[in-house]
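Here the structure comes first, spelled out in structure tokens, and everything after it is commentary.
Just so we're on the same page: letters track the sequence lines, and every chain starts at 1.
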Amino acid sequence: MDYKFSEIEGKWQQFWAQNGTFKAENSYNKPKYYVLDMFPYPSGAGLHVGHPLGYIASDIFARYKRLTGFNVLHPMGYDSFGLPAEQYAIQTGQHPAITTTNNINRYREQLDRIGFSFDWSREIKTSDPSYYRWTQWIFQQLFNSWYNTAIQKAEPIENLIAIFSQQGNASVKAACAETPEFTALQWNELPAKEQQKILLNYRIAYLADSWVNWCPALGTVLANDEVKDGYSERGGHPVEQKLMKQWSLRIAAYADRLLASLNDLDWTDPIKEMQRNWIGKSEGAAIQFSLVDHAKKIEVFSTRPDTIFGATFLVLAPEHELVNQITKADYKDAVAAYQKSAAIKSERDRMSDVKTITGQFTGAYVHHPFLDVQIPVWIGDYVLASYGTGAVMAVPAHDARDYAFAKHFNLNIIEVVAGGDISIASYDAKEGLLLNSDFLNGLTVKEAVKKVIAAIEAAEIGKGKINFRLRDAIFGRQRYWGEPIPVYYQDDIPYLIEQKDLPLTLPSIDKFIPTEDGEPPLARAHDWKYKNEFAYETTTMPGWAGSSWYYLRYMDSQNEQVFANPAALKYWNQVDLYIGGSEHATGHLLYARFFCKFLFDLGYLTFDEPFKKLINQGMIQGRSNFVYRVNGTNQYVSFDLKEQYQTTALHADVNCVENDILNIPKFKASFPEFANAEFILSAGKYYCGFEVEKMSKSKYNVVNPDDIIQRYGADTLRMYEMFLGPLEQSKPWNTNGIEGVHKFLRKFWKLFHNDQFDFQVADAPASKQENKALHKLIKKVQEDIERFSFNTSVSSFMICVNELQDLKCNNKSVLQDLVILLSPYAPHISEELWALLGNSAGSLSTTKFPVYNPEFLVEDEFSYPISINGKTKINLAISLQLNQQSVIDLVLANAEVQKYLEGKIPKKVIFVKGKIINLVV
RNA sequence: GCCUGGGUGGUGGAACUGGUAGACACGCAGGACUUAAAAUCCUGUGACCCUUAUCGGUCGUGCGGGUUCGAUUCCCGCCCCAGGUACCA
């Protein structure tokens with residue numbers, strides 16, 4: 001039989017599904033291995049060829065682990081809450097649940113065709129009430145906990161209440177909002193409502209004022225992505241920064257632990273580095289500056305308190321709460337105007353635009369803490385309200401942004417650390433001796449930091465402080481398509497709904513947009529009241545709520561009593577291998593770590609890091625094709641001739657192009673605009689240009705895996721995706737090379753068949769060369785899988801099959817081992833051949849991986865490259881048995897080497913056994 | 001702007017710890033088989049120079065410098081591209 005991939009693939013996919021081949025065993029005595037993919041958001045566009053890249057890699061690994069004796073958990077599900085479904089609902093009125101179900105069904109169909117070894121019996125959907133019930137349950141635990149910084153651990157809020165009623169809050173060390181001190185007696189006499197208000201300052205899930213992008217015209221909060229240059233992407237309405245009460249989580253309390261335990265994770269250094277920078281631990285001091293003619297003080301945070309004598313002005317964020325109180329009458333209008341202009345800029349715009357320097361003097365002054373001088377107070381949008389205290393002491397001589405600000409507004413610059421030339425630029429390095437600094441003069445930066453902090457603390461104007469860039473996470477969203485927050489309000493105080501009332505399901509509403517008063521969509525729900533009486537919270541949870549703990553649910557996905565039973569949690573434990581994109585480096589991965597630590601603190605987990613090993617697959621970009629329209633005509637000129645004309649480049653659908661040559665009839669049919677197109681050809685062909693861009697519908701560069709599978713089969717798709725390049729690297733999709741991989745599978749198939757395509761293998765013992773080819777491959781494939789270098793193992797398969805073909809090998813034992821080696825990569829063809837070889841169907845996935853025998857690979861000679869001054873001249877085959885001196889003697893005696901030496905005697909001979917010989921003359 | 005990664009033939013990439021740059025494929029060119037096509041197989045294929053052809057030589061891993069017997073690999077400076085930048089997922 002010829003290689004009929006679609007028959008074979010359909011047959012085995014059905015077999016696996018019917019026999020539950022990849023169901024993880026529930027016996028907890030076998031060694032386990034947990035391989036997880038970042039689950040997809042089911043978008044309306046379906047899967048494109050970029051999505052399966054990571055899934056194929058993890059599938060190869062999961063299948064490999066099964067072959068090496070592990071009980072493998074390899075589940076899949078959907079992150080199915082999200083904005084696109086909601087926006088589609090706003091446009092069309094269709095309920096997001098319907099859209100989502102349709103999309104999930106389509107995803108499932110597409111995934112099934114690729115032949116993954118997922119355990120579908122554990123499938124989860126974050127938008128399913130049976131799942132989000134537990135997301136809500138976790139929120140309740142967060143609400144019912146406080147963070148005890150004395151022991152660096154979350155604890156039940158009852159513990160805190162007990163402490164309050166016995167000793168007040170003076171001794172409590174907690175991550176909390178600023179709370180006045182009270183005694184036990186005062187606490188016990190407080191009305192319940194007041195007690196609840198105070199507790200809200202301590203809860204890990206709490207309400208707080210946060211800055212958001214507010215669009216008055218749409219009556220909604222927008223993501224930074226939805227804001228372009230101060231206007232909403234949808235509708236182009238103005239957007240401003242607004243303070244809003246929002247649910248938040250105290251992730252910042254975990255900053256130190258999130259930082260510390262990074263060290264023990266088997267993640268790549270870049271990802272760890274990104275998280276470290278994101279958490280952004282910096283040591284410095286909080287310093288208070290007292291205002292001239294005003295009782296208030298301005299607190300700044302500085303990582304360079306040593307430069308305090310160089311501070312020549314303060315800069316507050318335009319939103320800083322003191323700005324309006326301290327601004328002098330003459331400056332009110334200018335300050336208000338500046339605040340307004342800053343309010344329309346997003347935080348990202350403010351950070352990236354460093355070239356335009358803007359700011360405004362407030363008319364106010366503060367006293368320098370150690371000098372008898374007054375320094376002016378400015379506002380400037382390079383200072384962010386959300387970092388530190390929202391105020392900086394500007395030391396222009398030693399900070400680049402302060403320097404630019406001072407130059408622009410002609411403010412004083414005082415050098416206090418020697419080493420730079422402050423007439424040209426600021427000197428930011430932390431090296432050099434202090435000058436112009438009173439009691440710090442002559443000290444190094446390090447010494448000065450210590451001494452000045454001591455002085456600040458002695459004068460009671462501040463203290464040494466560790467500051468984190470990581471902010472608490474805003475947890476409320478003004479959206480419909482997310483988990484309802486399981487909270488109701490009584491007397492303006494939030495309370496949890498009872499656990500027995502979970503899940504709190506999404507109410508049905510007429511429209512998915514905010515109400516006319518700018519309330520979130522859930523406020524549209526009629527008669528939606530807790531116990532028919534109390535108003536529910538109307539914001540929903542963010543997209544990352546469900547994805548922060550889903551890996552736990554897979555361990556016991558059907559459980560209705562608990563989020564997962566303790567025995568399952570203990571056995572499956574951490575995810576051993578997690579594969580997904582690096583775009584989640586600081587979002588999802590940080591939140592999931594936070595949830596894990598929190599659940600660990602409460603005793604639900606026995607581990608406090610979710611993902612032991614992490615691999616980031618690169619992004620598959622699109623490869624767009626272009627045609628070139630001669631301006632003002634409907635003529636299109638071939639890429640290589642386009643310089644002779646004035647042209648406009650237009651996207652051509654990549655499905656009308658093969659190897660950059662345009663299929664003209666297909667192209668004409670692709671768009672009415674092109675129906676009457678004329679072409680200026682080059683040698684009878686129309687060559688298209690190309691460019692690498694994001695894969696998207698609008699760029700006509702989306703390649704659908706279904707099309708590839710139909711044409712070449714899933715095994716070809718799987719191997720080609722791996723062959724494309726290193727897993728971690730981003731690369732453009734290009735279908736051009738796929739023939740090579742397909743040809744390889746046909747050749748592989750042919751090894752088992754005679755010229756008439758009858759299955760035929762021989763029982764004879766393997767020859768030396770056959771064994772060599774096989775064992776070279778076993779070694780290579782094993783090494784490659786373990787270092788996730790799948791592209792190179794595909795090459796090795798090709799090399800091996802080419803060798804066996806040359807050897808006319810049809811030896812059964814060699815070929816059977818080859819089938820096992822290939823099975824993680826191309827499971828369908830392997831199952832088929834495995835069965836043809838006489839093995840019982842389906843047993844391939846749990847058979848044993850072949851063992852490498854080094855004896856077959858022993859070499860006794862090596863062809864040394866002989867180079868002179870580092871340039872290779874000739875190759876000489878020399879025995880590997882000889883010692884260094886004999887090899888060198890042999891080389892120097894060689895006539896050809898002598899020719900190159902031209903009678904000169906080498907000054908030095910470099911000999912690296914089995915690698916190279918270099919003669920230096 | 002800041003953080004992180006990347007840049008090697010016409011194309012995707014290989015070279016794992018500093019040791020023969022371009023494995024394996026695609027494409028292209030030429031050939032075999034065929035009435036023809038498809039499929040399959042064989043040969044060549046980084047650029048330039050020399051040569052009738054061989055033989056041979058020079059250059060070459062984004063750009064400019066450095067370390068080394070030897071650099072795609074290590075160090076310094078720059079350019080370009082991609083991802084993230086806290087309410088996209």
Side-chain angles (χ1 to χ4, degrees), chain A residues 38 40-41 43 79 81-84 212-213 220-227 246 268-271 273-274 276-278 280 347-355 382 386 401 469-471 473-479 482 542-544 547 581-588 590 616 618-619 621 623 659-660 690 692 694 720 723-726 728-741 743-744 746-747 750 783-784 787 789 791-792 794-799 802 863-875 906-910 912 914-921:
Chain A
M38 288 184 188
Y41 173 78
S43 91
D79 187 13
F81 273 133
L83 210 46
V212 293
N213 300 312
T220 189
V221 174
L222 297 176
N224 280 336
D225 273 29
E226 300 174 285
V227 184
Q246 300 263 37
T268 57
D269 288 329
I271 293 284
E273 196 57 24
M274 275 193 257
R276 281 189 197 109
N277 292 330
W278 184 261
E347 200 169 273
R348 202 186 302 172
D349 287 340
R350 281 167 59 170
M351 284 190 291
S352 46
D353 191 5
V354 292
K355 285 186 191 110
Y382 75 100
S386 51
R401 289 162 311 171
R469 208 184 71 99
L470 180 69
R471 312 198 289 250
I474 301 175
F475 201 66
R477 297 287 183 270
Q478 337 290 308
R479 314 276 187 192
W544 51 268
S547 59
S582 62
E583 67 270 23
H584 298 287
T586 50
H588 161 63
L590 203 62
N616 296 112
M619 184 163 284
Q621 294 146 313
R623 187 178 187 279
N659 286 324
D660 291 335
F690 74 90
V692 173
K694 211 170 187 160
Y720 184 58
F723 189 53
L724 220 46
E728 280 110 320
Q729 198 173 297
S730 286
K731 56 231 157 194
W733 177 266
N734 186 345
T735 312
N736 290 353
I738 200 165
E739 295 277 356
V741 172
K743 262 189 235 170
F744 155 76
R746 299 177 66 90
K747 270 192 216 172
K750 195 72 188 49
E783 285 170 358
D784 282 351
R787 65 188 176 103
S789 177
N791 56 326
T792 51
V794 176
S795 299
S796 313
F797 279 119
M798 290 173 171
I799 292 168
N802 287 344
S863 174
Y864 280 95
I866 313 297
S867 43
I868 293 174
N869 291 337
K871 298 198 178 198
T872 308
K873 296 296 178 186
I874 56 166
N875 280 291
K907 267 198 298 211
K908 200 168 160 189
V909 180
I910 314 277
V912 184
K915 293 253 165 149
I916 199 168
I917 295 161
N918 188 16
L919 310 177
V920 186
V921 295

When the distance from [atom1] of [X] to [atom2] of [N] is rounded to whole Å, what number comes out?
X	N	atom1	atom2	answer
A:Asn277	B:A86	CG	P	15 Å
A:Gln621	B:G12	CD	P	11 Å
A:Trp544	B:A86	CH2	P	14 Å
A:Leu222	B:A89	CG	P	13 Å
A:Lys750	B:A39	NZ	C1'	12 Å
A:Glu583	B:G6	CD	P	17 Å
A:Arg469	B:U85	CZ	P	11 Å
A:Met619	B:U4	CE	P	19 Å

Can you tell me, in whole Å, how much space there is between the [atom1] of [N] and that of [M]?
N	M	atom1	result
B:C63	B:U72	P	12 Å
B:G46	B:G12	C1'	16 Å
B:A15	B:U73	P	15 Å
B:G56	B:C50	C1'	8 Å
B:G65	B:U17	P	28 Å
B:G60	B:U54	P	24 Å
B:A14	B:C24	P	14 Å
B:C42	B:A47	C1'	27 Å

* Which nucleotide in the list B:C88, B:C69, B:G83 gets nearest to the side chain of A:Met274? -> B:G83
* To do: Choose from B:U4, B:A86, B:A89 the nucleotide whose nearest atom is closest to any side-chain atom of A:His584.
  => B:A89
Any side-chain heavy atom of [X] sitting closer than 4.5 Å to one from [Y]?
X	Y	result
A:Trp733	A:Leu724	yes
A:Leu590	A:Leu470	yes
A:Lys873	A:Leu919	no
A:Gln246	A:Gln478	yes
A:Pro542	A:Phe81	no

Classify [X] by what it touches in the nucleic acid, base, sugar-phosphate, or nothing, heavy-atom distance under 4.0 Å.
X	value
A:Gly476	base
A:Pro40	nothing
A:Asp79	sugar-phosphate
A:Arg401	nothing
A:Ile271	nothing
A:Pro270	sugar-phosphate

* So what's the dot-bracket for RNA chain B: Watson-Crick or G-U pairs under 3.5 Å, [ ] if a pair crosses, | if it pairs off-strand? -> (((((((..(((......[....)))((((((.......))))))((((......))))..(((((..]....))))))))))))....
* Asked: Should B:G9 be called syn or anti, with syn set as within 90° of 0?
  -> syn
Tell me every residue that passes side-chain hydrogen bond (donor to acceptor under 3.5 Å, both in side chains) with [X], counting only those two or more places apart in sequence or in another chain.
X	answer
A:Asn875	none
A:Arg471	A:Glu347, A:Ser386
A:Arg477	none
A:His584	none

Considering residues at least two apart in sequence or located in another chain, which fulfil the ring pair (Phe, Tyr, Trp, His ring centres under 6.0 Å) criterion with [X]?
X	value
A:Tyr382	A:Phe405
A:Phe744	none
A:Phe475	A:Phe139, A:Trp544

So, is [X] close to the [N] phosphate, meaning a side-chain N or O under 4.0 Å from OP1 or OP2?
X	N	value
A:Asn224	B:A86	yes
A:Lys731	B:G12	no
A:Arg348	B:A86	yes
A:Gln729	B:G13	yes

* To do: Identify, between A:Leu724 and A:Asn869, the residue whose nearest nucleotide on RNA chain B lies closer to the 5' end.
  => A:Leu724
* To do: Tell me which of A:Gly725 and A:Pro84 sits closer to the 5' end of RNA chain B, going by the nucleotide each one is nearest to.
  => A:Gly725
Protein and nucleotides 41-50 of chain B: nitrogen or oxygen contacts under 3.5 angstrom:
none

* Distance only, no hydrogens: is a donor on one side chain within 3.5 Å (strictly under) of an acceptor on the other, for A:Lys908 and A:Asn918? -> no
* To do: For A:Arg348 and A:Asn224, work out which heavy atoms get closest and say how close.
  => NH2-CB, 3.8 Å
* Inter-residue atom distance A:Asp79.CG - A:His588.NE2, 0.5 Å rounding -> 8.5 Å
* Structure fact -> Between the CG atom in A:Asn616 and the OG1 atom in A:Thr268, the distance rounded to the nearest 0.5 Å is 5.0 Å
* **A:Lys750: partners by side chain to side chain contact (heavy atoms under 4.5 Å, CB included), with sequence neighbours left out** => A:Asp755, A:Phe757
Collect all protein-nucleotide pairs involving nucleotides 57-60 of chain B in which both atoms are nitrogen or oxygen and the distance is under 3.5 Å.
from	atom 1	to	atom 2	distance (Å)
B:C59	OP2	A:Lys871	NZ	3.2

* Annotated protein contacts, base or backbone, on nucleotides 16-24 of chain B with a non-hydrogen cut-off under 4.0 Å, one of B, S, - each -> B--BBS-BB
